[in-house]
Participant: 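I'd like to ask you about the structure that follows.
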Amino acid sequence: MPHQKPFYITTAIDYANGEPHFGHALEKIGADAIARFHRQLGERVHFLIGMDEHGQKVAQTAAARGIAPQAFVDGIAAQFRETWDRLGISYDQFIRTTDAAHKSGVRALIKRIAESSPDDFYQKSYEGWYCVGCELFKRENEIVDAKCAIHPTRELQWTVERNWFFRLSKYQGFIERLLRERPEFVQPESRRNEILALLEQGLEDISITRSKLAWAIPFPLPTDEGAEPQGTWVWFDALPNYLTATGYPAKGWKDRWPAQLHVVGKDITRLHCVVWPAMLQAAELPLPERVWAHGFISFGGERFSKSAGVKVSLPETIEQFGPDAFRYFLLREVPFDGDGSFSAERFEAVYTAELANGLGNLASRTIAMVEKYCAGVVPDAAPVSLDGDDAVDLAAARAAMDGSHGYLCHEALAAVARVTDRANLFIQQSQPWVLAKDPGKRAELDGVLAALVRSLARQAAYLAPFMPGKAEALWTQLGAPGTANGMRFSGVESLNPAGWHVSKGEGLFPRPEPRPAA
RNA sequence: GGCAGGGUAGCUCAGCUGGUUAGAGCACGUCACUCAUAAUGACGGGGUCGCGGGUUCGAGUCCCGCCCCUGCUACCA
């Protein structure tokens, strides 16, 4: 089996201008769950994340702190990686746009476009009202009373700048055909509709360089006599990271490209569904297979947690119940195709109901009974109706995550939660403690306990993409061979726990301390 | 303004092509049970299905109008 092409999944690279926040975390955690799920589906996965480190704001922030831009972004990148490590993000590659390989890859891409589609780059003088506050030219509808609507205290400056442009308008028909012939290219459907609406307005060419941009990749094409040197603007710097991460143009990049899935925020779908495909087409390179636009997390309706002066700290929230519980909460509560909100109260409620009382207690009572009634060794017994019912839900979990209907982490977790609930109900209905008092019911008792261990093992395997640490802990307590994270889903149904030595360790999800009355 | 989606129990939401007394989870109350992290299970209270018209034997489910919310309406990422 030579060079099976991997399932190449990417997230947006994060802008290195501040600390990681909930929004960054949601995207990485969701993409990580997808990546892990596909590994357990048996696919070879390559999971890319990284940082977008160029730009005016980065340079300004670094200057304000009195350090060089590179030193500044080095610090930010380290901070992000610490957070991702803490959250168990299983990335295979961490790209930074200040990497030498990325910069040379960007230059190669631009030159390739200039060769294959020489008409697509052109220089044009651009003039208009420039807002120093925004670092942007403002459009008519953004100007109020001759001032920038966002910075009404600043004077607008009539500015003339000569920049490179990309002939995006040429690709209008190409993008329309793309979305029509490959409707799954942009998901969920609502985002695709928005792109279609955008296309109906017609595409305009975009400027792709800035003359005042020093902290950037120098634009590699020869600029007109006398013109200022040009820095590559964000589109042609950030978007190509998915391609340059493969090593492009060095030998071997075709082994990974094109990507199967770009996981991005709903705010940048346009860039990934219109600009990026046009760039690739201009370069005569293959397009990615799909762009998935996830929603946002809010705090009680507020985009950021300014309300009531309450600060929601990402590191503190992660530590409250640990990284696995945090991952679980975000993926369970925030539909991955829409928006959701976070609150400490809700987090605690879900943790207590589903993880402590639900899964954690199920594991606790099951293992305790195997220890008490079977000396800790799981008996051998045939499947019961519980197994068949669970199989239906686990198939639903796969369907939610395999891409056939998008990537719906919340639906997958809801399906696993049904398995947990069913097992708790099964105990109540079977009443193993009653069976244990009657030696004549030994076989029945064995059947019940074996079924429960099988169910828990299946849950551990299917929860591994979402809670890799806790799934592994449960796997260990069950005495199962190998690892939960390494468990292929194809092997889950035939798991037979007969002979496993269970061991009741630390409570999987200890109940939270009662809150002191305020 | 335009386009798209939505307004269903305290909270988060299911309700496909219209059909018996509108569902689930969480929260709340009562009861049962004891293997378990005072967990689990059963039962129950609770909804003018945004508002007003209309079509129909019959509408949360279709049509019209209105109110409210969210997203998009391209070069901050």
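Naming convention: chains lettered A, B, ... in sequence-line order (proteins, then strands); numbering from 1 in each chain. In this text the structure is predicted, and so the values were computed from the model without any measurement.
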Participant: Nearest to the side chain of A:W433, which nucleotide is it out of B:C35, B:A39, B:C75?
Facilitator: B:C35
Participant: Has A:K470 got its NZ or CZ under 6.0 Å from the middle of the six-membered ring of A:F509, at an angle within 45 degrees of the ring axis?
Facilitator: yes
Participant: Is the distance from OP1 or OP2 of B:A39 to the nearest side-chain N or O of A:R511 less than 4.0 Å?
Facilitator: yes
Participant: Using atom C1' of each nucleotide, how far apart are B:G47 and B:A9 to the nearest Å?
Facilitator: 5 Å
Participant: Using a 4.0 Å heavy-atom cut-off across all strands, classify A:G202 as base, sugar-phosphate, or nothing.
Facilitator: base
Participant: Counting only Watson-Crick or G-U wobble pairs whose two distances fall under 3.5 Å, which nucleotide matches B:A32?
Facilitator: B:U40
Participant: Going through the checks in order, is the salt bridge (charged side-chain N to carboxylate O under 4.0 Å, His left out) test met by A:R422 and A:D393?
Facilitator: CA-CA 10 Å; A:R422 179 179 299 111; A:D393 283 319; 2.7 Å; yes
Participant: For B:C3, which nucleotide in any strand shown is its Watson-Crick or wobble partner with both distances under 3.5 Å?
Facilitator: B:G71
Participant: Please state the C1' separation for the pair B:C28 and B:U34 - nearest whole angstrom.
Facilitator: 24 Å
Participant: Taking the P atom of each, how far is B:C64 from B:U21, in whole Å?
Facilitator: 28 Å
Participant: In whole angstrom, give the distance that lies between atom CD of A:Q230 and atom P of B:C75.
Facilitator: 19 Å
Participant: B:C26, B:U73, B:A77: which one has an atom nearest the side-chain heavy atoms of A:R346?
Facilitator: B:C26
Participant: With rounding to whole Å, what would you report as the distance between B:C57 and B:C67 at their C1' atoms?
Facilitator: 32 Å
Participant: Under 3.5 Å, is there any donor-acceptor pair linking the side chain of A:N361 to the base of B:A36?
Facilitator: yes
Participant: Under the 6.0 Å and 45° cation-pi test, does A:R346 pair with A:F329?
Facilitator: no
Participant: If you measure from the C1' atom in B:C66 to the same atom in B:U56, how many Å do you get, rounded?
Facilitator: 23 Å
Participant: Can you identify which nucleotide, out of B:C35, B:A77, B:A74, has its nearest atom closest to the A:L168 side chain?
Facilitator: B:A74
Participant: Specify the residue among A:Q429 and A:F165 whose closest nucleotide of RNA chain B lies further upstream toward the 5′ end.
Facilitator: A:Q429
Participant: How long is the line joining CG of A:D421 and P of B:A24, in whole Å?
Facilitator: 14 Å
Participant: Expressed in angstrom and rounded to an integer, what is the separation of A:L196 atom CG from B:G5 atom C1'?
Facilitator: 15 Å
Participant: Closer to the 5' end of RNA chain B via nearest nucleotide, is it A:N357 or A:N193?
Facilitator: A:N193
Participant: Have a look at A:Y373 and say if it touches a base, only the backbone sugar-phosphate, or nothing, with a 4.0 Å heavy-atom cut-off.
Facilitator: sugar-phosphate
Participant: Report the distance from atom CD of A:E354 to atom C1' of B:A27, rounded to the nearest whole Å.
Facilitator: 13 Å
Participant: To the nearest Å, give me how far apart CZ (A:F296) and P (B:A77) are.
Facilitator: 14 Å
Participant: Would you say the rings of A:F336 and A:H294 are close, in the sense that their centroids are separated by under 6.0 Å?
Facilitator: yes
Participant: Heavy atoms only, 4.0 Å cut-off, all strands: where does A:S190 land among base, sugar-phosphate and nothing?
Facilitator: nothing
Participant: Should B:A9 form a Watson-Crick or G-U wobble pair with both distances under 3.5 Å, which nucleotide is its partner?
Facilitator: none
Participant: Take atom P in B:A14 and the same atom in B:G25, then report the distance between them in whole Å.
Facilitator: 16 Å
Participant: Can you check whether A:K266 has a side-chain N or O nearer than 4.0 Å to OP1 or OP2 of B:U70?
Facilitator: no
Participant: Please walk me through it: do A:F121 and A:F165 pass ring-ring contact (aromatic ring centres under 6.0 Å, His included)?
Facilitator: CA-CA 6 Å; A:F121 289 137; A:F165 280 71; over 10 Å; no
Participant: Please pick, from B:C75, B:A77, B:U37, the nucleotide with the shortest atom-to-atom distance to any side-chain atom of A:Y15.
Facilitator: B:A77
Participant: Which of the following nucleotides, B:C75, B:G41, B:C35, is nearest to the side chain of A:S207?
Facilitator: B:C75
Participant: Side chain of A:A356 only, heavy atoms from C-beta on: which candidate in B:C35, B:U37, B:G41 is closest?
Facilitator: B:U37
Participant: How far does the P atom of B:C3 sit from the matching atom of B:U12, given to the nearest Å?
Facilitator: 29 Å
Participant: Taking only the side-chain heavy atoms of A:Q201 (C-beta and beyond), determine which of B:C35, B:U73, B:A42 contains the nearest atom.
Facilitator: B:U73
Participant: Please state the C1' separation for the pair B:G58 and B:U30 - nearest whole angstrom.
Facilitator: 38 Å
Participant: Does a sphere of radius 6.0 Å around CD in A:E19 hold more than 12 heavy atoms from other residues, nucleotides or ligands, not counting ones at 6.0 Å or beyond?
Facilitator: no
Participant: I'd like to know if the side chain of A:D390 pairs up with that of A:S455 as donor and acceptor (distance under 3.5 Å, no hydrogens or angles considered).
Facilitator: yes
Participant: What's the closest nucleotide to the side chain of A:L203 if the choices are B:A74, B:U37, B:C35?
Facilitator: B:A74
Participant: Give A:L508 one of three labels, base, sugar-phosphate or nothing, depending on what nucleic acid heavy atoms sit under 4.0 Å from its own.
Facilitator: base
Participant: Atom CG of A:L435 and atom C1' of B:C33: how far apart are they, to the nearest Å?
Facilitator: 14 Å
Participant: Now, which nucleotide makes the Watson-Crick or G-U wobble pair with B:G18, with each of the two distances under 3.5 Å?
Facilitator: none
Participant: B:U37, B:A77, B:C35: which one has an atom nearest the side-chain heavy atoms of A:V234?
Facilitator: B:A77
Participant: Give none if B:C66 has no partner; otherwise give the nucleotide forming a Watson-Crick or G-U wobble pair with it, both distances under 3.5 Å.
Facilitator: B:G50
Participant: Within this structure, what is the CG-to-P distance between A:L179 and B:C72, rounded to whole angstrom?
Facilitator: 18 Å
Participant: Does any nucleotide pair with B:G58 by Watson-Crick or G-U wobble geometry, both distances under 3.5 Å, and what is it?
Facilitator: none
Participant: Categorize A:K504 for me: base, sugar-phosphate, or nothing, with a 4.0 angstrom heavy-atom threshold over every strand shown.
Facilitator: sugar-phosphate
Participant: Can you tell me if A:W233 touches the phosphate of B:A77, counting only side-chain N or O atoms and a distance under 4.0 Å to OP1 or OP2?
Facilitator: yes
Participant: We want to know whether A:S125 and A:R162 form a side-chain donor-acceptor pair, criterion being a heavy-atom distance below 3.5 angstrom.
Facilitator: yes
Participant: Can you check side chain to side chain contact (heavy atoms under 4.5 Å, CB included) on A:V186 and A:H272, steps first, answer last?
Facilitator: CA-CA 9 Å; A:V186 190; A:H272 289 79; over 6 Å; no
Participant: Checking contacts here: which listed nucleotide (B:A74, B:C35, B:U37) is nearest the side-chain heavy atoms of A:M369?
Facilitator: B:C35
Participant: To the nearest Å, give me how far apart CZ (A:R191) and P (B:C72) are.
Facilitator: 7 Å
Participant: Could you tell me which nucleotide pairs with B:G45 by Watson-Crick or G-U wobble geometry, both distances under 3.5 Å, or answer none if nothing does?
Facilitator: none
Participant: Please tell me if A:R270 has a side-chain N or O lying less than 4.0 Å from either OP1 or OP2 of B:U73.
Facilitator: yes
